[in-house]
Amino acid sequence: MDTFQEATNAEETLDPPDWTDVGALSHRILDDAIAYLKDVRDRPVWREMPAEVRAFFGASLPRSPAPAADVYDDVARNLMPYPMGNVHPRFWSWYMGSSNFTGALGDFLAAIQGSNLGGGNHAAALMDSQVVNWVKEMVGFPASASGTLVSGGSMANIIGLTVARNAKAGVDVRERGVGAIPRPLRYYASDQVHSCHRKAMELLGLGNRALRRIPTDAGSRIDIAALKAAIAEDRAAGFKPACVIGTAGTVNTGAVDDLQALASAAAEEDLWFHVDGCIGALIAIAPESRSLVAGIAQADSIALDPHKWLHAPFEAGCALVRDASAHRNTFAVTPEYLESTPRGLASGEWLHDYGLQTSRGFRALKIWMALKEHGVEKFGRLIDQNIEQARYLTRLIEAEPTLELMAPTTINIVSFRHRLAGASEERLKAFNTEIMLRLQEEGIAALSDTTVHGRHCLRVAIANHRTRRDDLDLVVSEMLRQGREIEAATPA
Ligand SMILES: *Cc1c(COP(=O)(O)O)cnc(C)c1O
């Protein structure tokens with residue numbers, strides 16, 4: 001037996017030599033994590049990293065071991081104090097969710113259980129499908145529809161637009177490629193469409209120009225008459241109108257296209273109707289606001305983002321497709337090494353047949369646990385709460401003569417700016433940018449900015465279950481203070 005003993009001694013593993021040692025560090029990490037979220041409100045939203053921290057991340061590949069406790073100390077010192085800030089109650093930049101602790105535990109357990117959601121016959125695969133089924137239920141899609149959890153909204157949109165291409169191409173694009181499409185395909189979306197659609201069009205081989213940006217009305221919603229005119233013009237010119245993308249919540253101002261009108265237009269014109277619902281699809285679960293997205297259930301495909309208004313820790317997107325076979329026919333490939341078996345681990349359907357990834361992370365657990373803990377109704381109320389908070393901020397802005405609302409507030413995005421008497425657009429932009437940067441650098445609030453109908457504005461996007469009204473009071477008063485300070489320091 002001596003030689004056997006020698007052989008086992010020689011074999012290495014990543015497991016600790018003694019599991020009892022692991023507990024103490026793990027409990028410390030957990031305690032720190034709880035304290036981190038408990039006190040998040042008392043820390044700055046964001047802070048610039050000092051030079052030592054930047055230098056720390058320049059260190060080269062570690063070659064020899066270090067105790068796990070030391071590794072954690074490095075993380076606690078150099079990483080945890082310098083987050084992006086989106087878990088903070090006063091983070092309203094771009095458009096993100098604010099995560100949640102149960103979801104974080106879900107991510108931890110997903111990693112411990114370790115399953116690969118490429119598919120197979122195991123419980124995590126059932127849970128993955130169950131979460132997709134729940135999402136269908138949230139937006140009113142039929143049980144016969146298909147869906148897949150993906151990295152985020154960008155990927156979910158790619159899934160929808162790819163199925164649309166293959167369904168409308170008129171040739172077998174998978175076999176013959178886009179070069180064989182007889183009449184060039186045309187897609188339509190409003191001029192407010194998210195930039196990921198451009199990437200999708202490029203990736204699909206259709207090219208950016210194949211996505212026609214249709215003008216929007218004063219409320220930044222797609223102009224339906226202009227859409228119909230563009231479709232007619234394209235047909236006359238020999239193109240094949242293939243797909244219309246409705247946006248339920250634009251990233252600039254939160255505008256929601258008239259989804260019912262788009263559904264009818266798509267049906268009349270025989271187009272695929274895709275909804276980019278990364279921001280707003282989940283309004284379908286909000287009791288006070290759901291009528292805003294009426295018509296969403298008529299879509300052929302929907303992209304949405306559990307890491308936004310379901311506050312799942314990154315990453316979690318979801319693509320839904322009404323016609324499950326069109327979805328599967330777009331992506332399914334069965335190589336000899338992934339054939340299903342009648343029983344055992346490889347029985348049943350492969351989840352990777354509904355998207356581009358083969359190995360897939362176990363994204364479902366973090367969503368599943370938070371939904372079970374709180375129930376979908378609470379998530380719906382939180383969406384209404386954010387929309388109400390945006391209205392509250394809008395009222396504060398309207399009541400404050402030095403601030404100017406820049407777009408109507410439809411959902412949870414408020415576009416506005418600080419006025420500056422007699423200043424040019426250029427000066428206003430510089431002035432407001434400076435206010436935004438100071439609010440970030442002082443750790444008070446994270447806003448972002450954009451340009452709407454040619455005018456620069458600051459943006460507050462409240463997809464945050466930690467935000468309270470007094471946070472919005474604070475940002476208004478701090479903006480005014482910053483404005484006064486900048487004006488005082490600037491020679492007239
Ligand atoms: C966030 C967003 C996307 C992109 O989603 P990611 O999850 O960031 O990939 C697409 N469209 C809209 C309208 C969005 O708000």
Side-chain angles (χ1 to χ4, degrees), residues 84 86 91-99 103 135 139 147-162 164 187-204 211 213-214 216 219-222 243-257 259 262 273-284 292-293 296 299 301-320 355-357 360-361 363 366-367 383 386-387 390 407 410-415 446 448-450 452 459-464:
M84 179 172 229
N86 50 296
F91 182 97
W92 307 302
S93 287
W94 307 295
Y95 200 98
M96 296 184 200
S98 44
S99 196
V135 176
V139 299
T148 182
L149 296 176
V150 291
S151 53
S154 304
M155 190 51 73
N157 280 308
I158 287 177
I159 300 279
L161 301 195
T162 309
Y187 284 45
Y188 307 85
S190 90
D191 57 19
Q192 298 296 305
V193 72
H194 189 273
S195 57
C196 72
H197 295 276
R198 174 185 175 138
K199 286 196 199 177
M201 295 302 286
E202 293 172 4
L203 188 70
L204 288 177
L211 174 58
R213 275 72 165 180
I214 306 299
T216 44
S220 293
R221 291 149 52 105
I222 191 167
C243 172
V244 61
I245 303 163
T247 302
T250 61
V251 79
N252 269 335
T253 64
V256 181
D257 285 340
L259 302 179
L262 284 178
F273 179 33
H274 174 80
V275 173
D276 179 349
C278 289
I279 288 177
L282 289 165
I283 293 175
L292 283 169
V293 294
I296 194 165
S301 53
I302 304 176
L304 59 93
D305 248 345
H307 64 207
K308 289 179 175 169
W309 246 336
L310 290 184
H311 304 293
F314 292 117
E315 304 162 338
C318 183
L320 299 178
L356 295 163
Q357 291 181 255
R360 297 175 63 246
R363 298 188 175 99
K366 59 192 169 193
I367 304 172
I383 291 171
N386 283 163
I387 293 174
T410 316
I411 49 170
N412 57 335
I413 300 177
V414 184
S415 305
S448 59
D449 63 342
T450 188
V452 178
R459 239 178 109 261
V460 164
I462 317 171
N464 193 320

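Source: prediction; values computed, not measured. Atoms within each ligand, like the ligands themselves, are counted from 1 in listed order. The figures here come from the full heavy-atom set of this structure, side chains too, leaving out hydrogens, waters and symmetry mates.
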Could you grab the distance from atom OG of S220 to atom CG of D191, nearest 0.5 Å is fine? 7.5 Å
Could you give the distance from CG (N86) to NZ (K308), rounded to the nearest 0.5 Å? 12.0 Å
Contact set, ligand 1, heavy-atom distance under 4.0 Å, ordered by chain/number, equals G152, G153, S154, N157, H194, C196, G249, D276, C278, I279, D305, H307, K308
Can you tell me how far CG of N252 sits from OG1 of T450, rounded to the nearest 0.5 angstrom? 3.5 Å
dist R459:CZ -> W92:CH2 (nearest 0.5 Å) comes out at 13.0 Å
Do the side-chain N and O atoms of H197 and D276 include a donor-acceptor pair separated by under 3.5 angstrom? yes
From OH (Y95) to CG (N412), nearest 0.5 Å: 3.5 Å
